[in-house]
Structures are given as C-alpha cells and as structure tokens.
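First the structure, in the form of structure tokens, and then the observations on it.
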Amino acid sequence: MAQTRPMTWKQRAWQVIHEATKDLPADTSLRDRIKTVDAARPWSHGSWPQKAWQAARREYLMPFGYRPRTKPKDTKTLPLFGEIK
C-alpha cells in the first residue's frame with residue numbers, strides 16, 4: 001500500500017478556504033469573500049500556520065480584486081562599501 005504524504009500547512013489552508021467558499025455566488029463582493037475566508041481560519045497562532053494561511057488567503061482573494069497591503073520596495077540601495085552621502 002502506497003504511503004501518502006502529509007499535507008503542508010498551505011495545502012491545508014487551501015482546503016479550508018475551498019470548503020468555506022465553494023458555494024459562494026460568483027457575484028459575491030470582495031468584502032464578503034474576505035469575511036468568509038477570515039471566519040474559516042482554523043489556526044489562531046503559530047508562525048508557520050499563520051504564514052501559510054496568509055499566503056493562501058492572498059492567492060485566493062487576488063483574482064477578485066484584493067490588493068495586499070504591503071510596503072513598496074525601495075529601489076534605492078545604500079552602497080555596500082564606501083561613504084554614505
């Protein structure tokens with residue numbers, strides 16, 4: 001009998017999100033989708049589970065117009081060696 005590999009945190013997060021949102025109508029607003037996904041969150045603490053949940057949540061919501069609140073990356077860099085002016 002073949003052994004199955006255990007699910008990763010992100011795969012589990014995707015499964016939870018899918019189950020919570022599979023019956024939502026296509027015209028469900030982004031706000032309501034966010035509420036539904038956030039209400040389904042199974043983990044309340046832990047670094048890896050939280051990171052996996054946020055990644056799966058972001059990937060699910062982006063096609064519906066979600067824009068993550070991340071800081072824009074600064075394209076200017078400080079010199080590695082030498083004087084800072």
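These values consider heavy atoms only, across backbone and side chains, with no hydrogens, waters or symmetry-generated copies.
Judged as a side-chain contact (heavy atoms from CB on, under 4.5 Å), and not counting sequence neighbours, the contacts of Arg58 are Ala55, Met62, Tyr66, Pro68. Shown here are the ring-ring contact (aromatic ring centres under 6.0 Å, His included) partners of Phe64, two or more places apart in sequence or in another chain: Tyr60. Residues satisfying the ring-ring contact (aromatic ring centres under 6.0 Å, His included) test with Trp14, not counting sequence neighbours, are none. Among residues two or more places apart in sequence or in another chain, the salt bridge (charged side-chain N to carboxylate O under 4.0 Å, His left out) test is passed with Asp38 by Arg57. Contacts of Gln50 classified as side chain to side chain donor-acceptor pair (under 3.5 Å), with partners at least two apart in sequence or in another chain: none.
Here salt bridge (charged side-chain N to carboxylate O under 4.0 Å, His left out) pairs that include residues 16-35, with residues two or more places apart or in two chains, are Glu19-Lys22.
No donor-acceptor distance shorter than 3.5 angstrom exists from the side chain of Thr21 to the backbone of Leu24, with no hydrogens or angles considered.
Between the CZ atom of Arg41 and the CD1 atom of Ile17 there is a distance of 10.5 Å, given to the nearest 0.5 Å.
Residue Val16 comes nearest to Ala40 through the heavy atom pair CG1-O, 3.3 Å, listed as atom of the first residue, atom of the second, then distance. Nearest heavy atom pair, residue Ala52 against residue Ala13, reads O-CB, 4.1 Å.
With respect to Gln15, the side-chain hydrogen bond (donor to acceptor under 3.5 Å, both in side chains) criterion is satisfied by exactly one of Gln11, His18, Arg12: Arg12.
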